[in-house]
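Shown next, in C-alpha cells, is the structure this report addresses.
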Amino acid sequence: MEVANRNYRIAFYLNGALREESVRPDETALELLRERMHLRGVKEGCAEGDCGACTIAIGEWNHQHFRYRAINSCLFAAIQLHGKVVITVEGLADSGSLHLIQQKLLDNHAVQCGYCTPGIVMSMFCLFAEIADPTEQQIKTALEGNLCRCTGYITILSAARDITHTLQRNSPNAILPDYCTEVAMQLQSFAKKIEPHFQNSKEIRETISYHKPVSYSELTTVLSSLTRNEFRFVNGGTDVFVEQNVHRKFAQHLIDLSTIPELKRLERVGDNVFIGGAVTMQELLTSLDIRQHLPMLCDALQMLGSHQIRNVATLAGNVAHASPIADGSVALLAYGAIIELLSPRGTREIPIDDFYLDYRKTALQPDEVITTIRIPVASDFASFWKSSKRVAVDIASVNSAFTANIIDGRIVACRFAFGGVAKTPMLCNDLPQLLLRRIPDETVIRECQDTVLRVFHPISDVRGSAEYRRILLKNHIRYHLSKLTASVKSIGGNHE
Amino acid sequence: MSDNSESNRENRSPHHLSGHLHLSGTSRFVDDMPTGTPKLYAKLLFSQHAHARIVNVDVTEAKKIVGISAVLTHHDIPGVNQIGHIQPDEPLLAASEVLYIGQPIAIVIAETLWIAEQGVNAIQIEYEPLEPVLTIAEAIARNSLFVQPRIIARGNLADGFAEADCIVEETLTTGGQEHFYLETQRCLAVPGEDREITLYSSTQSASEVQEIAARVLGLQCSDIVVDVPRIGGGFGGKERSPVLWSCLAALGCNRTGKPVELVLNRKEDMIATGKRHPFEIRFRIGCKYDGRITAYEVELNANGGACVDLSLAILDRAMLHADNAYFLPNVKITGRACRTNLPPNTAFRGFGAPQGIFAIETAIERIAEKLHLDPLTIRLRNLYESGQTTPFGEIVQEASNRALLTQLTKDAKYEELLADNAKFNAEHSDVKRGVSILPIKFGISFTASFLNQASALVWIYQDGTVSLSHGGIEMGQALNTKVAQVVSAELGISLSHIRVESSNTKRVGNASPTAASSGSDLNGNAARTAAIELRNRLANVAAVKYEKEFHQSVTVDEIVFLDNQVYATNFPQRVYSFVEIIHTAYLERVPLGAHGYYRTPDIFFDREKYHGSPFFYFVYGCGLVHVEIDLRNGNFRMLDVHLLHECGKSLNPEIDRGQIVGAFTQGVGWCTMEELPYDPEKGHYLAISPSTYKLPTIQDVPERMTVELVECEREYASVRQSKGIGEPPLIYGEACFFAIQNALASIAKTGTPVKLSHPATPEAILLAAEKLRDATNQ
C-alpha cells in the first residue's frame, strides 16, 4: 500500500552541472545529496549543526556579487537549494588532481580519520572564495563550526596559512573551479520554477507541504489558507531542522520566508536601524551600518553559533525562538528594540520589553511574522558579555547586555538585560533606578550585584549550576560597569 | 635530532595513504560499501530505564506497518543471546531485565529509515522499574563489583608513612569522556551464499566481531566475514562497543536475508555507548621535607557501567600507571571496578592510565603546596632511574625523563615563566597565569599478554606491485601508511607500489584489536617478517641470476633492494629492476606471497599476583602548559604548550606529531571542558549532543605550540626502532589542568590547597576561586 505525498521538483547546479530532483517538503539538503544523489563525501556527524561534517558551499548572486556561503546541509531545506549553485567536496578536484585546498591539507598532514575532512575542505573553500588573505582570526572563525576529533587542528591551521601564502603569490582564482564562472552566468537567467507534484511512497510523513511566498501578499494569502498551529516558518532552518532531526517534531506545513524581498531590508533611517526578518546574522556582521551604529549587536552575534549557522540563521529567528539564553534577544532588550509584525489581520508592533511572556512563550500570534526589528541608535555606551563553557560555538550559561546614556560622566538612562537566569531573556528594571545620575563606583557595583541576585533566581541545568550562575551574575554586573567607567573616562577625555 | 631539512622530513613522512581520498570525498567508509541488492535500514528500541524488569514487549502493531521486513526481539536470536567475553553479562537484546538506558531491546528492519523508526514507535513495552545503582559510592556500599578488589603492593607502607615528614590525604574524582568519533557506530551486513554474511563494521576489533556474531547467530566463524576499509575515528570507543551494533546488524541480515544497515545517530550513540571511566580516588602520600616520597597509598575506583566490557583491563592499566614516572619504595594500590546502571564504560585512549596518573600528580601538587616547594622539584626528586623496579616488578629501562625534563625546563624557560607569572599575577586581578610541567611514562603492550601477536599477508604481483593485508584497523592514525612504509623499506620499493587492503578476517584471522598504542608495533612487525621472507627468497633468485648471467658469485647478503632496484654490492655493473627479479622468480616457481607472524617477546604478567613484566618498553616524555585564566567568567586560554616526546626512531615524524597534538587536545578536552552529567535518580546522560557536550574547537588551540620528537637509538623499542604513539601524549593534557590550578593558587593563601574539581570547566574554576577567596577573607 502506498500513499501519494506532495513533493517538489527543484533544479540547481551541483558541482557544475544542472540537476533536477524531486524532494520532500521536510527533506534536508544532506539527505538529498548523501542518500539520494550518492555524494558520500557529504557526511552526517550530528544532524544538528554542531559538527560541520556536512558542510557544503551554496553560491548565489547577492548585490552584483556572486558569493559562496558555507552551510550545514543537515539544517538546510533541500527545497532551498533550488536556483542555487551547490558545491560539495566532490566538486573541487579537477580530473584527478587535487584542488589547492585539498593539496595543502594533504601536504600539512591535516587529515587523519577523514570523516570531518570534507566539511573542513568546504569551510575553507568558502573562506578563500571570499577572502584571499584571511587573518588568523578569520581562519579560526571560518572553521570554528567544524569539529575534528583527531588532529587537534594545528595542522589544519598550518594548511590554511600555507594556502594564504600560495594565493598571495598566485592568482586568487586558484580557488574557484573552472565551471564556477559559467554556472554563475547561467544562474542570472535562471527561469525554472519549483514544481509541486505527487509521488507515491510507502512512507507516511507528517510534513505535507512547503510554501515559498515571494511577497507580503502571497505570505498573508498562505497564512489565511492554512489552519492555525499546523505550520512552522522556516528561514535559515537552524531551529526547524534541529526539531526535525533530533527531537523528531515535524510541522504539517512549512512556510519559507527566505525569498520575500521586503524581509531582506537592512538600513538605517535617521535614528533607527531596520533589520528585516530574513536578514542573516552574517549579513548583519558584515553590514557597515550595524558595525558602526550597533557594535554591541555584532559582539553578541559574533559569538552566536558557528560561522555556518550565522550564514543562514536570522536575528528574527533568534528572537522568535524565545530561548531564555538567546544572545540576540538579550542584546535587543538592552537596545530597547521594537518588533514589527505582519499577519493576515494587518500589522502591529511590540516593544521587545513586552515580547517575552513565559518560558518559550512570546506575544507572537501563530500567524504572525516578524517583518522588521527596529533598533533605536540612541545609546552612548553599549556592552555585551557572554559566559559559556566553551569560548566558541556554545550556548551561554549567562549572557548580558547593557546600554547607557551618559551626560557629564553620569548615567541618565540605561537598560540592563540578562539571559540564562530566568524563564525568558529579561531586563532587570531595578538596576536603572540604582544607576541613574550616579557614577558606578564600588558601592554602586555592590548594590547592583545585590539587586540582581535578589531579582533573579537562576536554576541548575546542563549549562551550569545555580551557584555558578549567581557568581556569573555578579561578575557580569562588574564587567559592564567597569567597562562603562573606563569608557566614560575616555569620553570625558574627548570632551576636554 | 637527525637531519631536519625539508626534503629529509618529507621523505621520512609520506602522506597518509588515504589522504587524497578523504580530501576528495571518495574514501569509502563502512556504510559506503556496495551491497548488490538494495539495503534495508535498522532502528533500535532502546531501554528507557537504567534498571527495570521487562514485563511485556508487544510488537504486533509494529509488524503491521507497510514497508517493515522484521521486528526482532531476543526470541529471534538463533544462537546464544550473549555477547560478553570475559563474563557472560551482556545480552545482545535484553530479555527479562534492562541494565542501562540505551540498552537495545528490539530491532526493526524496514525499507527506509523513516519506516523503521515508525516501527520502533509502534512497539508497546511495559517495564517494572527497579532501583538503579549509579555512583561508585553506592556500588561499593552494595558490593556491586565485577571482581574482588585488586591490589599491588610493595615495601612497608607503615614504615614509609612513619618516615615521612609530611602526609597528605585526599579524595578526588576524575570525569568521564565521550569518544565523539566523528563517524558514529555503524555496521552494514551483507548476505553471501551458503549462510555467509559479510559485516562491514566500524570496529577496532574485527576478529572479536566475527567470533561473537557467529555465536549469536549459531554459525561458525568461517561463516562470518568482517571487513573494515577504515573507520572514522575510534579512540577506544570502537574496541568493544561495535560487537553489539555489528551483531544486531548481522541478526537483521540473517533474519531477512537482505543487506541491513545499522547506523546510530549522534544522540543514540551518546546515550547508549560507554565512555571513559569516571574514577573516584582516595590517596595518602607521605614524603620527606626535600620532597622524596616515602609512601603512597591509593584506591582507584572505576565506574564500570552495567557490563564488565573492558573494565578489568582498564583498571589494571590504571593501577600499573599509578606510579607514573616516579619510584615509590612503599606503595599500595587498590583497584575496584564497580558495576552500575550506566552504559558499559569502555576503552578510551589511555585506557585507565590517565586516571591513575592524575591521582599521583594531584598528590604531588598537594605535597608541593604543603612543603612550599615547586611541584617540579618533587617530580624531579622522585623520577625513576634506569634499572629501578616498578611496584609490579618490571625493570624500568632506558628511563629518559630526567634528561627530557631538564631539556624542557631549559627550552621552555620554565624558571622565567614562573617569575613572569608571579609578576603578572601581582599586577592583574581579573586574569591570572599558571604553568605546569609533567613527565609521563607509559607502558606499551596489551596487559593481556596473549593479545600481543599479529599476522600479515603480503603478495607481490608480477608487475612488482604489492598487496598488503594486516590485522590492524586504519582509524585515522595512518597505521596503513606506517605498515606500508615498513614493507617499502624492506623490499626497497616505492610506497606507491603498495596497496594496503581493507582489514578482513578472511585475509588475516584472529587479529587482536587495534589498541594499546600497539598497532604499528604488532602489525608493522608482522608485515616486516613477511617482507623479509620475500626479500630473502628474491635475494636467492637474484644471486642465482647473477651466477647464470654473469657467472658472478654473489651471496644473498650482498644483494641490496633499493629504489625499485636490486643489485649486488660486489657486482655493481648490472642492476636489475625489482620487476625483473619478480618476473624471474615467478618463472622459477618461487612463491611470491608470504605470511608474516609476530609476537612480542619477553613479556609476562601474573594477574593473580600482579607481578611481572607486562610491558615490552616504556614511552617517555614531558609536557609544559602555560595558561591564563579569567576569574570573571572562568574561561582559560593556553598561551604556550611545549611537548617533548621520546619516540625511539619515528617511522613517520609528521604522523607522530599529528598523533601527539591530537592526543594532547583530547587530554585537554577531558581535563577542562568535556563533562558527562547524568540524572542522579533516573541515570540518563544529560549531555547527549554536541550542543551540550563540548569538545575543543579550532578556537581553543594554544597560542603557541612546540612539539619536539626526541629521536634516539633504543634497545627497548619496536618495529624499526620506533615506539607506540597513540595514547601516551593524551596525558600531557593533564598539565593544562595543573596549570589552571597553579594560576588559581595565586589567589590562595600560601599553603592552602587549591581544590579544583576535574574537569576544570569555567564553572569549576569560578567555584574554586570563590572558595579560595572566602578562605582568604576569613
Side-chain angles (χ1 to χ4, degrees), chain A residues 1 39-43 45-48 50-51 53 88-90 92-93 98 102 105-106 109 111-118 121 140 143-144 146-147 149-157 202-203 205 246 387 389-395 397 462-465 467-468 471-472 475 478-479, chain B residues 13 15-16 18-20 22-27 29 32 66-67 111-112 114-115 180-183 230-233 235 265-267 475-478 632-635 654-655 658 661-662 664-666 673 677 686-687 689-692 694-695 697-701 705 761-763 766-767 770:
Chain A
M1 192 192 72
L39 291 162
R40 303 295 286 185
V42 191
K43 308 283 194 228
C46 72
E48 56 180 311
D50 262 302
C51 81
T88 70
V89 72
E90 290 90 347
L92 293 188
L98 293 180
Q102 295 167 328
L105 283 162
L106 186 68
H109 301 271
V111 184
Q112 290 191 23
C113 86
Y115 203 85
C116 74
T117 305
V121 170
K140 287 182 180 173
L143 291 166
E144 68 185 9
N146 292 86
L147 291 178
R149 192 55 152 165
C150 297
T151 61
Y153 308 102
I154 297 285
T155 48
I156 294 169
L157 277 173
K202 285 181 189 167
E203 294 186 348
R205 290 265 173 177
V246 180
S387 298
K389 179 182 275 184
R390 190 172 67 190
V391 177
V393 201
D394 198 359
I395 294 167
S397 304
V462 70
R463 301 195 193 284
S465 66
E467 189 186 0
Y468 168 53
I471 297 173
L472 285 177
N475 293 358
R478 180 176 294 279
Y479 172 86
Chain B
S13 298
H15 298 146
H16 189 308
S18 295
H20 63 294
H22 290 317
L23 284 157
S24 53
T26 53
S27 53
F29 289 82
D32 300 328
V66 178
E111 285 172 34
T112 71
W114 175 262
I115 297 173
F180 212 91
Y181 25 65
L182 262 286
E183 176 207 42
R230 58 175 58 77
I231 67 178
F235 316 115
N265 63 36
R266 181 60 62 186
K267 187 174 159 191
M475 48 186 155
Q477 83 284 47
R632 297 169 301 176
N633 57 16
N635 288 125
E654 293 308 314
I655 281 169
V661 176
F664 168 76
T665 307
Q666 268 181 356
M673 63 177 84
L686 298 171
S689 83
S691 67
T692 43
K694 303 319 261 189
L695 48 137
T697 74
I698 201 164
Q699 301 274 21
D700 299 304
V701 303
M705 184 159 190
T761 58
E763 174 166 359
L766 283 196
L767 292 178
E770 199 80 350

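Order of the sequence lines fixes the chain letters, A, B, ..., with proteins taken first and strands second; residue numbering starts at 1 for each chain. Worth saying up front: this structure is predicted, and the values here are computed from it rather than measured.
Looking at every heavy atom in both residues, A:L472 comes nearest to B:R632 through CD2-O, 3.9 Å. Nearest heavy atoms, A:C113 versus B:G233: CB-N, 3.4 Å. For the pair B:V701 and A:G152, the tightest heavy-atom approach, listed with the atom from each and the gap, is CG1-O, 3.5 Å.
One N or O on the side chain of B:R266 and one on the backbone of A:G45 form a donor-acceptor pair closer than 3.5 Å. A side-chain donor-acceptor contact under 3.5 Å links B:E763 to the backbone of A:S465. Side-chain atoms of A:H109 never come within 3.5 Å of backbone atoms of B:I655 as a donor-acceptor pair (strictly under, hydrogens ignored). Side-chain atoms of A:K140 never come within 3.5 Å of backbone atoms of B:T697 as a donor-acceptor pair (strictly under, hydrogens ignored).
Between chain B and the options A:R478, A:Q112, A:K43, heavy-atom pairs under 4.5 Å are most frequent for A:Q112. Here A:L106 is the residue among A:I471, A:L106, A:V391 with the most heavy-atom pairs under 4.5 Å with chain B. Across B:T665, B:N635, B:N633, the residue that shares the most heavy-atom pairs under 4.5 angstrom with chain A is B:N633. Ranked by non-hydrogen atom pairs under 4.5 Å with chain A, the options B:T761, B:L686, B:T112 are led by B:T112. Note: B:V66 leads B:N265, B:I231, B:V66 in heavy-atom pairs under 4.5 Å with chain A. Of the listed residues (A:L143, A:T155, A:T88, A:V121), the greatest number of heavy-atom pairs within a distance under 4.5 Å of chain B belongs to A:L143. Ranked by non-hydrogen atom pairs under 4.5 Å with chain A, the options B:G19, B:P762, B:S18, B:S27 are led by B:P762. Considering only heavy-atom pairs separated by less than 4.5 Å from chain B, the leading option among A:S397, A:G464, A:A47 is A:G464. By number of non-hydrogen pairs under 4.5 angstrom with chain A, the leading residue of B:K267, B:Q477, B:M475, B:Q666 is B:Q666. In terms of non-hydrogen atom pairs under 4.5 Å with chain A, the most contact-rich of B:G67, B:G658, B:A478 is B:G658.
Contact annotation for B:F235: only side-chain heavy atoms (C-beta onward) come within less than 4.5 Å of a heavy atom of chain A. Heavy atoms closer than 4.5 Å to chain A are found in both the backbone and the side chain of B:E183. If you measure heavy-atom distances from B:F29 to chain A, the contacts under 4.5 Å come from the side chain alone. At a 4.5 Å heavy-atom cutoff, the contact between A:V246 and chain B is made by backbone and side-chain atoms alike.
If you take CD on A:E90 and OG1 on B:T26, they are separated by 8.0 Å, rounding to the nearest 0.5 Å. Here CG of A:L147 is found 5.0 Å from CG of B:L695. Values are rounded to the nearest 0.5 Å. Atom CD of B:Q699 and atom CD of A:E144 lie 5.0 Å apart (nearest 0.5 Å). If you take CG on A:L105 and NE2 on B:H22, they are separated by 12.5 Å, rounding to the nearest 0.5 Å. Rounded to the nearest 0.5 Å, atoms OG1 (A:T117) and NE2 (B:H16) are 8.5 Å apart. A:C150 contributes atom SG, which lies 7.5 Å from atom CG of B:L182 (distance to the nearest 0.5 angstrom).
For the 3.5 Å distance criterion, the side chains of A:Q102 and B:S24 fail to qualify, holding no donor opposite an acceptor. Defined by atom type and a distance below 3.5 Å, a donor-acceptor pair is present between the side-chain atoms of B:S689 and A:E48.
Using a 4.5 Å heavy-atom cutoff, the side chains of B:K694 and A:D50 are in contact. With a 4.5 Å cut-off on side-chain heavy atoms, B:I698 and A:N146 do not count as touching.
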